[in-house]
Structures are given as structure tokens and as C-alpha cells.
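The structure appears below as C-alpha cells.
Below, each value reflects all heavy atoms present in this structure, side chains not excepted, and no hydrogens, waters or symmetry copies.
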Amino acid sequence: MRGIEIRELECFLVLAEEPHPGHAAVRLGVPAETVDLLLRALEDRIGAPLLDRTGPRPCLTPFGEEFLDALRPAYQNLAAVVDGARDRAHGGPSTVRLGFRGKVHGPVAEAVRAFEEREPGTRVRIVETAHSDPFGPLRE
């Protein structure tokens with residue numbers, strides 16, 4: 001793993017979901033040229049193309065698909081280690097309080113689940129609020 005930059009791996013993971021370099025660049029917050037440079041640097045380090053750029057729409061090569069299958073769980077484990085260390089350094093996971101009147105279900109519940117999956121170091125605590133004091137439970 002010597003010499004591999006984490007940003008190259010993150011770029012590849014985003015490109016696997018968003019094969020168009022322009023769209024991947026927006027998600028990464030970098031210019032499209034940077035996406036291309038990061039991917040080419042990773043391909044040079046590995047010694048094989050990961051993205052097929054010859055067709056009308058870029059797609060992963062068979063080697064790129066295999067690399068993705070091996071990289072994704074390893075990257076998730078690495079991210080969990082870093083998140084866990086950050087949590088321990090700051091005294092535990094972050095908590096976001098979300099105030100609602102009544103039950104939380106449907107799209108809101110799905111959004112909470114998606115947020116917690118995307119931000120594993122953060123927990124959402126849903127608190128019921130009253131008309132008379134809508135912010136009191138959130139201030140606790």
C-alpha cells in the first residue's frame with residue numbers, strides 16, 4: 001500500500017458510483033481534471049486500467065470491478081477505525097437531536113436511517129416536542 005493516497009481510493013469509489021468524471025468531481029468537490037489525475041495515478045500504481053474510457057459512457061473494467069469488490073469493505077473498515085478513534089478522542093459519538101410532534105415514520109424515518117449509515121459516528125436522537133415548548137426538549 002506504500003505510496004497510495006487515500007484521495008485516489010476515494011476518487012475511485014465515487015467514480016464507481018458516478019462513472020462520469022464531471023459528476024464525480026462535483027461529489028468530491030474538486031475540478032474534473034483532478035478526478036482524472038487521481039484515477040490515472042491509482043491506475044499507474046496498480047498497473048492496470050480501472051475505468052474503460054473508450055465507450056460513449058465511462059464504465060469500470062472487469063479488473064476495476066474486482067478491485068472495487070475488494071476495496072469497498074476495506075475502505076469502510078478503515079473509515080470505521082478512524083471514526084471510532086475520533087469518537088473516543090471526543091468522548092463518544094456525536095448526537096443530533098431531531099424534534100417532532102407525534103410519531104416519526106415514512107420518509108423522515110428513512111432519511112434518519114440513511115443519515116446514520118452515511119455518518120456512522122453520529123446518532124440521531126428523536127425527541128417529541130410539545131406545542132407549548134417546541135424547543136425545550138432539544139435544548140436538554
Step-by-step salt bridge (Lys or Arg N to Asp or Glu O under 4.0 Å) determination, E10 to R7 | CA-CA 5 Å; E10 290 171 338; R7 197 68 175 148; 3.3 Å; yes
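- L15 and L37 fall into different hydrophobic clusters, where Ile, Leu, Val, Met, Phe, Trp and Tyr side chains are chained together by heavy-atom contacts under 4.5 Å.
- Note that CZ of R27 and SG of C11 are 11.0 Å apart. Values are rounded to the nearest 0.5 Å.
- Side-chain contact between Y75 and L68: absent, with no pair of heavy atoms (C-beta onward) separated by less than 4.5 Å.
- For the atom pair CG (D52) and CZ (R57), the distance works out to 13.0 Å, reported to the nearest 0.5 Å.
- Residue E66 holds its CD atom at 8.5 Å from OG1 of T61, rounded to the nearest 0.5 Å.
- Counting heavy atoms from C-beta outward, L39 and R53 have side chains that approach closer than 4.5 Å.
- If you take CG on L13 and CG on L71, they are separated by 4.5 Å, rounding to the nearest 0.5 Å.
- Side-chain heavy atoms closer than 4.5 Å link hydrophobic residues (I, L, V, M, F, W, Y) into clusters, and following such links, even through other members, never connects V14 to V26.
- Heavy atoms only, all atoms of each residue included: F12 and G64 are closest at CZ-O, 3.4 Å.
- Between P21 and D36 there is no side-chain heavy-atom pair separated by less than 4.5 Å.
- Within the 3.5 Å criterion, the main-chain N or O of L51 finds a donor-acceptor partner in the side chain of E43.
- In the hydrophobic clustering of ILVMFWY residues, with side-chain heavy atoms under 4.5 Å counting as a link, L78 and F67 come out together.
- How far CD1 of I6 is from CG of L38: 12.0 Å, rounded to the nearest 0.5 Å.
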